[in-house]
Amino acid sequence: MTRHLVSNSPEQTIELGRKLGSQLKGGEVIAVCGPLGSGKTHIIKGIASGAGSKGCKVVTSPTFVIVNQYAGRLDIYHIDAYRLNSIAEFEMLGFDDYCYPESVVLIEWADKIESALQGMDYIRIELAHAGKASREISFTNLPAYLNRI
């Protein structure tokens with residue numbers, strides 16, 4: 001299932017993420033793609049908050065540390081692939097170890113490593129600029145239980 005939505009502010013983008021995160025069951029891998037400044041970190045803040053992390057203020061893009069972990073009702077792993085130069089570097093992070101039934105893996109800049117996800121049943125979120133504060137957001141491969149976004 002694919003959904004296309006428009007967000008008119010960073011707050012709306014966070015709220016869309018929160019709605020998605022509140023419905024996650026665990027075991028999901030979410031690839032978040034889009035150009036610089038399109039709202040990838042904002043939607044991840046919302047997803048983490050909806051999945052029970054202590055709020056979106058603790059969520060920051062792990063550009064230099066590569067992986068952040070947030071505690072909530074699910075274990076949340078936020079991977080930033082921006083600085084990765086190869087699929088081998090991504091695999092060396094221990095990606096498979098983050099994927100288990102009580103976790104959610106959020107991959108920012110996932111388009112850089114998306115070929116490593118082939119064969120997985122992952123959710124893809126694509127963000128695009130649609131104006132100064134507006135963003136077009138496409139959700140692809142949404143499971144039926146994620147129907148309230």
Side-chain angles (χ1 to χ4, degrees), residues 1-7 9-36 38-84 86-128 135-149:
M1 179 167 117
T2 300
R3 297 266 329 254
H4 301 281
L5 302 170
V6 173
S7 169
S9 69
E11 295 78 20
Q12 282 185 354
T13 301
I14 291 170
E15 185 56 30
L16 283 171
R18 189 175 289 119
K19 287 178 183 176
L20 177 67
S22 70
Q23 299 175 72
L24 295 174
K25 295 179 176 181
E28 294 93 354
V29 173
I30 302 175
V32 183
C33 306
L36 190 64
S38 61
K40 293 180 297 296
T41 303
H42 284 104
I43 201 151
I44 287 173
K45 285 181 179 198
I47 293 169
S49 177
S53 84
K54 299 287 185 209
C56 60
K57 292 185 181 185
V58 300
V59 175
T60 58
S61 187
T63 302
F64 295 100
V65 296
I66 311 296
V67 181
N68 282 341
Q69 182 178 1
Y70 313 114
R73 68 179 171 77
L74 300 166
D75 297 331
I76 304 159
Y77 296 98
H78 178 187
I79 300 171
D80 188 327
Y82 183 75
R83 292 193 172 279
L84 298 179
S86 68
I87 298 300
E89 283 185 21
F90 176 71
E91 291 169 347
M92 287 175 33
L93 293 175
F95 170 71
D96 291 339
D97 295 335
Y98 301 132
C99 300
Y100 51 90
E102 299 81 29
S103 75
V104 172
V105 180
L106 306 167
I107 307 169
E108 195 167 346
W109 292 99
D111 47 318
K112 292 190 72 177
I113 56 83
E114 203 160 8
S115 64
L117 303 178
Q118 298 307 311
M120 293 187 76
D121 191 22
Y122 66 96
I123 299 164
R124 189 174 201 279
I125 301 174
E126 178 80 32
L127 295 101
R135 302 294 183 261
E136 292 178 359
I137 306 173
S138 297
F139 300 86
T140 305
N141 200 32
L142 282 173
Y145 63 88
L146 296 177
N147 60 3
R148 295 187 318 249
I149 58 167

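No experiment lies behind these values; they were computed from the predicted model shown. Start at 1 with the first residue, then count along the sequence.
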Review point. How long is the gap from CD1 on I14 to OG on S49, to the nearest 0.5 Å?
Key: 9.0 Å
Practice item. Supply the atom-to-atom distance R124 CZ to I30 CD1, rounded to the nearest 0.5 angstrom. Key: 13.0 Å
Exercise for review: Mind checking side-chain contact (heavy atoms from CB on, under 4.5 Å) for L127 and listing every partner two or more places apart, or none if nothing turns up?
Suggested key: T13, V32, S38, K40, I43, I125, I137
**Study point:** Separation of M120 CE from E114 CD (nearest 0.5 Å)
**Key:** 11.5 Å
Exercise for review: Hey, could you give me the OG/NE2 distance between S7 and H42, rounded to the nearest 0.5 Å?
Suggested key: 9.5 Å
**Study point:** Residue pair H78 / E108, side-chain donor-acceptor N/O under 3.5 Å
**Key:** yes
Exercise for review: To the nearest 0.5 Å, tell me how far L24 CG sits from S103 OG.
Suggested key: 10.5 Å
Review point. Looking only at heavy atoms, what is the nearest atom pair of A48 and I76, with distance?
Key: O-CD1, 3.6 Å
Check your understanding: Just one of I79, T41, I44, I123 clears the side chain to side chain contact (heavy atoms under 4.5 Å, CB included) bar with L106, so which one?
Key -> I44
Let me check something: any side-chain donor-acceptor pairs from residues 91-100 under 3.5 Å, sequence neighbours excluded? List them with distances.
unit_1	atom_1	unit_2	atom_2	d
Y98	OH	L93	O	3.4
Y100	OH	D75	OD2	2.6
Y100	OH	Y77	OH	2.8

Check your understanding: Is a donor on one side and an acceptor on the other found under 3.5 Å between the side chain of S138 and the backbone of E126?
Key -> no
Exercise for review: Specify the closest pair of heavy atoms between S86 and I113, including all atoms of both residues, with the distance to one decimal.
Suggested key: O-CG2, 4.5 Å
Check your understanding: What's the shortest heavy-atom distance between K19 and Q23, and which atoms?
Key -> O-NE2, 3.0 Å
For residues 139-146, please give each side-chain donor-acceptor pair under 3.5 Å, one per line with the distance, not counting sequence neighbours.
unit_1	atom_1	unit_2	atom_2	d
N141	ND2	D121	OD1	2.8
N141	ND2	Y122	O	2.7
Y145	OH	E28	OE2	2.6

Review point. Within a strict 4.5 Å, meaning less than it, do heavy atoms of the L84 and W109 side chains meet?
Key: no
